[in-house]
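Here the structure is laid out as structure tokens; the discussion comes afterwards.
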Amino acid sequence: RAYAEDPDAPHHRRSLLSDAEMETQLYHLAGRRAELPRTTFPEVFEEQVQAGPNRVAASHGTATLTYEELNARANRIAHALLGAGLTAEAPVAVVLDRTLDWLAAAIGVFKAGGVYLPVRPDFPADRIAAQLARSECRLVLAEPGSEDLAHRAVAVAGADAQVLSVPEVLAGDAATTDPGVPVAPEQAAYIYFTSGSTGTPKGALCEHAGMLNHLLMKLEDMGMTGREGEVVTQTASQCFDISLWQFAAPLMAGGSVRIVDTDVLLSVGGFLDELVGNNVTVAQIVPSYLEVVLTHLEQWPRPLGRLRSLSVTGEALKLELVQRWFAAYPDIALVNAYGATEVSDDTMHEILDGLPDRDFVTVGTSRRNINTYIVDENLALVPLGSPGEIAFSGVCVGRGYINDEERTRQAFVADPYRSGTRMYRTGDFGRWLPEGRIEFLGRRDEQVKIRGFRIEIGEIENKLLTFPGVRESAVVIDDGAGEMRNLVAFYSGDGVEPEHLRDFLAGLLPEYMVPTYFHGLQQLPLTENLKVDKKVLKRLAGTL
Ligand code: ADP
């Protein structure tokens, strides 16, 4: 009966309970309780360095770094940050392209006890400035290509931040030995900014313990413990939290990271060459890219070398893609990874070794040390099988949005079922299936994904409204014919040219948030309750 106290019980045993019993007994299904060692990523990395200093830790293009070399660089960065006054939990913005220097910089921040705040150098300076200001960031790591931008952002933010040049630090005489800074599991580890519907991005702050639990979950579920020669691709943008495990997990397991550039990914064939040429064993991509890869492979079939697990994340995974994958690669597992930045990345995995026995793909089962709930708007558990909001509690839950109490309060609440624990409400709808899997049913709000990037439609609409002359604005997704979805903006206003709007937004938003099409209308269509009729606009977007 007491299955809640017996989290190791297989899910099918729980399903023997009647629905009523499930309800009265708080049938929230708990992930397996697993040991969470009192350590942190930088400590585990240091252990790996000692265990095998000459193994390859990371590569990019033709450049390679051993564990010892990467560690020496990370240590230099850490010493430079400490020398510049870094204190525990102080954020450090890392404005670098995805290179080996970026890896050293990120690890250096962790080793120095700082909070890693990744920033893409192709982001508009104002956006970076807003992130620096919001997180009260006083230290910035940059490189020659991004130093000007970093200085501009610091100037706009009005912050008295110091900008350190990573190549200069690496070429300098800072010590290459471990700085020996103790980093506690309760300490803040990183901030990722995600789009915000009110117009300002939110900086989700997570702790080392949540990060470590997630990394251990990845190692377990991708079978990366105790295996020699694991190679994981680092493909995700550095402002997307999935980029973190893509480098940190292999480095915790003595494996190596293969950084793959974005233009290589875009060429598809180049990406496949990277997989095969570097003996990649584990890779992760978003569903829209899986579609592109499959279309390519169906035309030009080829073996994928040592690849044994492909993880797909960020958006709903359609059955059709799974069918096409196993038709071509029956021996390479597919993992549907589900989670959110606020809960230290993924909280559920569906591990597929073949076709699922349903006509849809679930997001899987609860994972280690994570409590999974499906609740109504009052946080009451909904009956088994009924739709509700997916919520999580446990070590995965981050601290909240940095310096943003209001939005933190809305999403991070007290877990009514486990006192003293915090719960994160995802805004996703889902329902329990009898054996403890969750079916993902979409979003409660207007958060969407474009190529895996998380976007709040409201943020774009609010920015459009600040353009002189724009009276109304609405943005919809055009699912179009293919898998590549487009953002389409509609607006009303006098004398506003689509090209001006595009340039305006490009100066304020990351490239993936700038709509592909802009259409001016006399007036936006309204529903009966006088809201903008997005259904009409969606249809219109498909025909214009
Ligand atoms: P992460 O970085 O952990 O992948 P983001 O914070 O970028 O996640 O976005 C989280 C949101 O993305 C989720 O709340 C959900 O709406 C969507 N999402 C993530 N993974 C999946 C998945 N496997 N299936 C469906 N939706 C997903």
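Atoms within each ligand, like the ligands themselves, are counted from 1 in listed order. We number each residue from 1, following the sequence as shown.
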Task: side chain to side chain contact (heavy atoms under 4.5 Å, CB included) partners of Ala58, counting only residues at least two apart - done: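 Side chain to side chain contact (heavy atoms under 4.5 Å, CB included) list for Ala58, sorted by chain: Leu100, Leu103, Val257.
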Task: side chain to side chain contact (heavy atoms under 4.5 Å, CB included) involving Thr225 - partner list, sequence neighbours excluded - done: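 Side chain to side chain contact (heavy atoms under 4.5 Å, CB included) list for Thr225, sorted by chain: Leu219.
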- [ ] Could you tell me whether the side chains of Glu342 and Tyr401 share a donor-acceptor contact shorter than 3.5 Å?
- [x]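 Side-chain D/A pair, Glu342 to Tyr401: present.
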Open item on the list: Hydrogens and angles aside, do Asp415 and Thr421 bring a side-chain donor and acceptor to less than 3.5 Å of each other?
Closed with: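 Absent: no donor and acceptor within the cut-off.
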With a cut-off of 3.5 Å and sequence neighbours excluded, list every side-chain donor-acceptor pair involving residues 326-334.
residue: Tyr329; atom: OH; partner: Arg302; partner atom: O; Å: 2.6

Open item on the list: Given a heavy-atom cut-off of 4.0 Å, could you list the residues near ligand 1 in chain and number order?
Closed with: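 Lining ligand 1 at under 4.0 Å, by heavy atoms, one finds Phe240, Asp241, Ile242, Thr313, Gly314, Glu315, Ala316, Asn336, Ala337, Tyr338, Gly339, Ala340, Thr341, Asp345, Val363, Asp428, Phe440, Arg443, Gln447, Lys449, Arg454.
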Open item on the list: To check you understand the geometry: which heavy-atom pair defines the closest contact between Gly400 and Thr408, and what is its length?
Closed with: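 Closest heavy-atom pair between Gly400 and Thr408: CA-CG2, 3.7 Å.
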